[in-house]
Chemist: 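This is the structure I have questions about; it appears just below.
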Amino acid sequence: MSSELDDRLITSSLPTDAQFRVIFGVAALLVVALVVTAPYARQTTQGTEIFVAGYAAAIFVIEVTTAAILLAMFRVRGSVQLLVLASGYLLSGLLSVPWALTFPGVFHIFGLDQNLQSTAWIAAIRRIGFASAVLGYAAIGPGVTVRTPERWILGGIGVLAVVGTAVLTFTMGGADFLLQFMADARNTAPAWRYVPILALCLYIVAFALLIVRIRSTLDIWMCVVLFSLCVEVLLIAYLGGATRLSVGWWSGRFFGLVAAGTILLVLLAETTENYMRLVRAAEKERRARFNRLTAMEALSASIAHEINQPLSSMVTDANAGQRWLARDEPQ
């Protein structure tokens with residue numbers, strides 16, 4: 001039963017031909033979207049700051065939900081690579097909130113967008129942190145497990161809380177000594193170019209590790225995620241001219257949403273499939289139990305008939321014998 005279950009889990013089974021077709025189809029659609037948007041990447045947009053809040057909210061919900069499902073899987077299987085990947089998603093999802101709050105012109109009512117460098121620093125830490133987590137997932141083998149996953153989950157959440165607090169304190173309170181990533185509210189400074197280069201390097205190394213030793217369906221889908229993230233960086237940092245709110249910038253955010261939602265959709269599909277399999281197994285067991293009860297009732301009726309018939313004959317013969325013996329001249 002354990003071997004059969006492992007063959008069906010996304011973390012331990014290899015993709016089927018149908019899954020490979022879906023994966024290649026998604027990759028082809030991403031390439032088409034890149035080709036279509038690339039010629040218009042440097043065009044600027046006006047009044048689109050309002051959509052930043054919606055994008056951040058979607059990223060927050062998607063990535064935190066993905067982290068929760070991965071942590072639930074880690075609690076069952078105890079695989080450290082799932083914990084590392086879940087930590088990356090959780091960190092990225094949580095940092096999307098201060099990223100949106102400090103974005104210039106979005107939530108100026110709170111007064112958190114006064115520091116021009118805060119948003120860029122949060123974005124850099126969010127991107128490099130997630131890329132490092134994916135690299136850790138690719139480098140750690142599935143055989144590395146722990147015996148007390150609950151403690152590891154609590155410890156990981158505690159570490160992320162400390163890291164998040166430190167990031168917010170550092171980025172929102174250190175305007176004097178922060179490296180200048182932004183020249184103004186829309187254009188990046190020369191120092192920013194090192195962030196996408198480092199992120200691309202981490203993505204490519206993780207992609208290479210996953211491709212060289214594919215161990216599960218999740219590895220293949222993580223390759224799709226890394227491909228989407230690479231396209232996002234290319235659109236935002238290079239094709240879009242590293243200019244905020246340009247067509248390339250928003251197109252890159254679209255690829256970021258695809259990257260964030262890919263694993264969530266795959267995990268939800270697996271959860272739904274497992275639930276349907278459980279329902280079918282329960283229904284099959286219910287029918288088998290009903291059939292057993294029906295067979296037992298038929299067997300009981302047959303046994304009762306076979307026993308009652310000779311007993312009735314015995315009682316009839318005994319009564320007849322008593323009547324014969326009760327005569328004046330017993331026979």
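Keep in mind that the numbers below use all heavy atoms, side chains included, and drop hydrogens, waters and symmetry copies.
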Chemist: Do Val159 and Leu168 sit in one hydrophobic cluster, given that two such residues count as connected whenever their side-chain heavy atoms are within less than 4.5 Å of each other, even indirectly?
Modeler: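 Yes, same cluster.
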Chemist: Taking side chain as C-beta onward, heavy atoms only, is Ile59 less than 4.5 Å from Trp99?
Modeler: no
Chemist: Between atom CG of Leu210 and atom OG of Ser216, what is the distance when rounded to the nearest 0.5 Å?
Modeler: 8.5 Å
Chemist: Is the closest basic N to carboxylate O distance between Arg286 and Glu283 below 4.0 Å?
Modeler: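 Counted as a salt bridge, because a side-chain N and a carboxylate O are separated by less than 4.0 Å.
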Chemist: Say whether Leu226 and Val31 are linked into one hydrophobic cluster, either directly or through other cluster members, by side-chain heavy-atom distances under 4.5 angstrom.
Modeler: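 Looking at the clustering, Val31 is in the same group as Leu226.
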Chemist: Taking the side chain as every heavy atom from C-beta outward, state whether Trp250 and Val52 have any atom pair closer than 4.5 Å.
Modeler: yes
Chemist: Linking I/L/V/M/F/W/Y whenever any side-chain heavy atoms sit under 4.5 Å apart, do Leu268 and Val224 land together?
Modeler: yes
Chemist: Hey, could you give me the CG/CD1 distance between Leu218 and Ile263, rounded to the nearest 0.5 Å?
Modeler: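 The CD1 atom of Ile263 is 5.0 Å from CG of Leu218, to the nearest 0.5 Å.
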Chemist: Using the rule that two of Ile, Leu, Val, Met, Phe, Trp, Tyr join whenever any of their side-chain heavy atoms come within less than 4.5 Å, decide whether Val36 and Leu257 are in one cluster.
Modeler: no
Chemist: Taking the side chain as every heavy atom from C-beta outward, state whether Val146 and Val80 have any atom pair closer than 4.5 Å.
Modeler: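 They are in side-chain contact.
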Chemist: Return yes when atom CD of Glu150 has more than 12 non-hydrogen atoms of other residues, nucleotides or ligands closer than 6.0 Å, and no otherwise.
Modeler: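 Atom CD in Glu150 is packed in, count exceeds 12.
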Chemist: If you take all heavy atoms of Glu63 and Ala260, which pair is closest and at what distance?
Modeler: OE2-CB, 3.8 Å
Chemist: When rounded to the nearest 0.5 angstrom, what is the spacing between OG1 in Thr148 and CD1 in Ile153?
Modeler: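 These two atoms lie 10.0 Å from each other.
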Chemist: Apply side chain to side chain donor-acceptor pair (under 3.5 Å) to the pair Thr243 and Arg186, showing each step before the final yes or no.
Modeler: CA-CA 6 Å; Thr243 302; Arg186 288 206 171 194; over 6 Å; no
Chemist: Any Lys/Arg nitrogen of Glu297 or Arg292 sitting under 4.0 Å from an Asp/Glu carboxylate oxygen of the other?
Modeler: no
Chemist: Taking the side chain as every heavy atom from C-beta outward, state whether Leu71 and Leu83 have any atom pair closer than 4.5 Å.
Modeler: yes
Chemist: Does a side-chain N-to-carboxylate-O contact under 4.0 Å join Arg289 and Glu285?
Modeler: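 No.
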Chemist: Would the distance check show the side chain of Glu49 and the main-chain N or O of Gly105 forming a donor-acceptor pair, the cut-off being under 3.5 Å?
Modeler: no
Chemist: Is the side chain of Asn291 donor-acceptor paired with the backbone N or O of Arg287 at a distance under 3.5 Å, no angle test?
Modeler: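 Answer holds: yes.
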Chemist: Quick one: is the NZ or CZ of Arg244 closer than 6.0 Å to the six-membered ring centre of Phe103, and within 45° of its axis?
Modeler: yes
Chemist: So, Trp121 side chain and Val167 main chain: donor-acceptor pair closer than 3.5 Å or not?
Modeler: no
Chemist: For Phe74 versus Ser79, what's the shortest heavy-atom pair and its separation?
Modeler: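 Taking Phe74 first and Ser79 second, the nearest heavy atoms are CD1-O, 2.9 Å.
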Chemist: Would Leu229 and Val233 count as a side chain to side chain contact (heavy atoms under 4.5 Å, CB included) here? Give the steps.
Modeler: CA-CA 6 Å; Leu229 292 174; Val233 173; 5.6 Å; no
Chemist: Determine, step by step, whether Leu30 and Val231 satisfy the side chain to side chain contact (heavy atoms under 4.5 Å, CB included) criterion, reporting the C-alpha distance in whole Å, the side-chain angles of both residues, the deciding distance to 0.1 Å, and the verdict.
Modeler: CA-CA 8 Å; Leu30 293 177; Val231 175; 5.7 Å; no
Chemist: What I'd like to find out is whether the side chain of Leu202 reaches to under 4.5 Å of the side chain of Val134, using heavy atoms alone.
Modeler: no
Chemist: Are any non-hydrogen side-chain atoms of Leu200 and Tyr238 less than 4.5 angstrom apart?
Modeler: yes
Chemist: Going through the checks in order, is the side chain to side chain contact (heavy atoms under 4.5 Å, CB included) test met by Tyr203 and Arg127?
Modeler: CA-CA 10 Å; Tyr203 292 154; Arg127 185 173 297 280; 3.4 Å; yes
Chemist: If you compare all heavy atoms of Ala100 against all heavy atoms of Phe107, which two are closest, and at what distance to 0.1 Å?
Modeler: O-CD1, 3.4 Å
Chemist: Can you measure from CD (Glu270) to CE (Met73) and round to the nearest 0.5 angstrom?
Modeler: 5.0 Å
Chemist: Provide the closest heavy-atom pair for Ala120 versus Phe181 in the form atom of the first, atom of the second, distance.
Modeler: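 The pair with the smallest heavy-atom distance is CB-CB, 3.6 Å.
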Chemist: Is the backbone of Trp249 close enough, under 3.5 Å, to the side chain of Ser246 for a donor and an acceptor to pair up by distance?
Modeler: yes
Chemist: Tell me, yes or no, whether the heavy-atom count around Leu293 atom CG, taken from other residues, nucleotides or ligands under 6.0 Å, exceeds 12.
Modeler: yes
Chemist: Please say whether more than 12 non-hydrogen atoms of neighbouring residues, nucleotides or ligands are located less than 6.0 Å from CZ in Phe254.
Modeler: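 Open.
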Chemist: Under a 3.5 Å distance rule, please check whether Thr165 uses its side chain to pair with a backbone N or O of Ala161 as donor and acceptor.
Modeler: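 Yes; at least one donor-acceptor contact below 3.5 Å.
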Chemist: Mark yes or no for whether Glu232, through its side chain, and Phe255, through its backbone, hold a donor-acceptor pair below 3.5 Å.
Modeler: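 No, the answer is negative, given that no donor and acceptor are paired below the 3.5 Å cut-off.
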Chemist: Would you indicate whether the side-chain heavy atoms of Arg42 and Val247 approach each other to under 4.5 Å?
Modeler: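 No, side chains not in contact.
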Chemist: Looking at side-chain heavy atoms only, is the closest gap between Trp192 and Asn187 below 4.5 Å?
Modeler: no
Chemist: Counting N and O atoms only, with roles assigned by atom type, does the side chain of Arg327 sit under 3.5 Å from a partner on the main chain of Trp324, one being a donor and the other an acceptor?
Modeler: no
Chemist: Tell me the closest heavy-atom pair linking Gly252 and Leu235, and the distance in Å.
Modeler: N-CD1, 3.8 Å
Chemist: Do the side chain of Thr45 and the main chain of Leu245 share a donor and acceptor less than 3.5 angstrom apart?
Modeler: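 Indeed, once roles are kept as given, a pair shorter than 3.5 Å links the two residues.
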Chemist: Roughly how far, to the nearest 0.5 Å, is the CG atom of Leu265 from the OG1 atom of Thr272?
Modeler: 10.5 Å
Chemist: Is there a chain of hydrophobic side chains (I, L, V, M, F, W, Y, each step under 4.5 Å between heavy atoms) that links Leu29 to Ile23?
Modeler: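 No, separate clusters.
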Chemist: First locate atom CD1 of Ile62, then atom OG of Ser92, and finally report the distance between them rounded to the nearest 0.5 Å.
Modeler: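 One gets 11.0 Å once the value is rounded to the nearest 0.5 Å.
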Chemist: Checking Phe207 against Phe227 for the ring-ring contact (aromatic ring centres under 6.0 Å, His included) test, could you report, in this order, the C-alpha distance in whole Å, the side-chain angles of both residues, the deciding distance, and whether it holds?
Modeler: CA-CA 8 Å; Phe207 186 90; Phe227 177 73; 7.7 Å; no
Chemist: Between Ile128 and Ser132, does the side chain to side chain contact (heavy atoms under 4.5 Å, CB included) criterion hold? Intermediate values first, please.
Modeler: CA-CA 6 Å; Ile128 300 303; Ser132 301; 4.1 Å; yes
Chemist: Has Thr119 got a side-chain atom pairing as donor or acceptor with Thr102's backbone, closer than 3.5 angstrom?
Modeler: yes
Chemist: Looking only at atom types and distance, does a side-chain atom of Thr65 sit under 3.5 Å from a main-chain N or O of Val61, one as donor and one as acceptor?
Modeler: yes
Chemist: Closest approach of Ser228 and Val258, non-hydrogen atoms and distance?
Modeler: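 Answer, listing the atom of Ser228 first, then Val258: OG-CG1, 4.0 Å.
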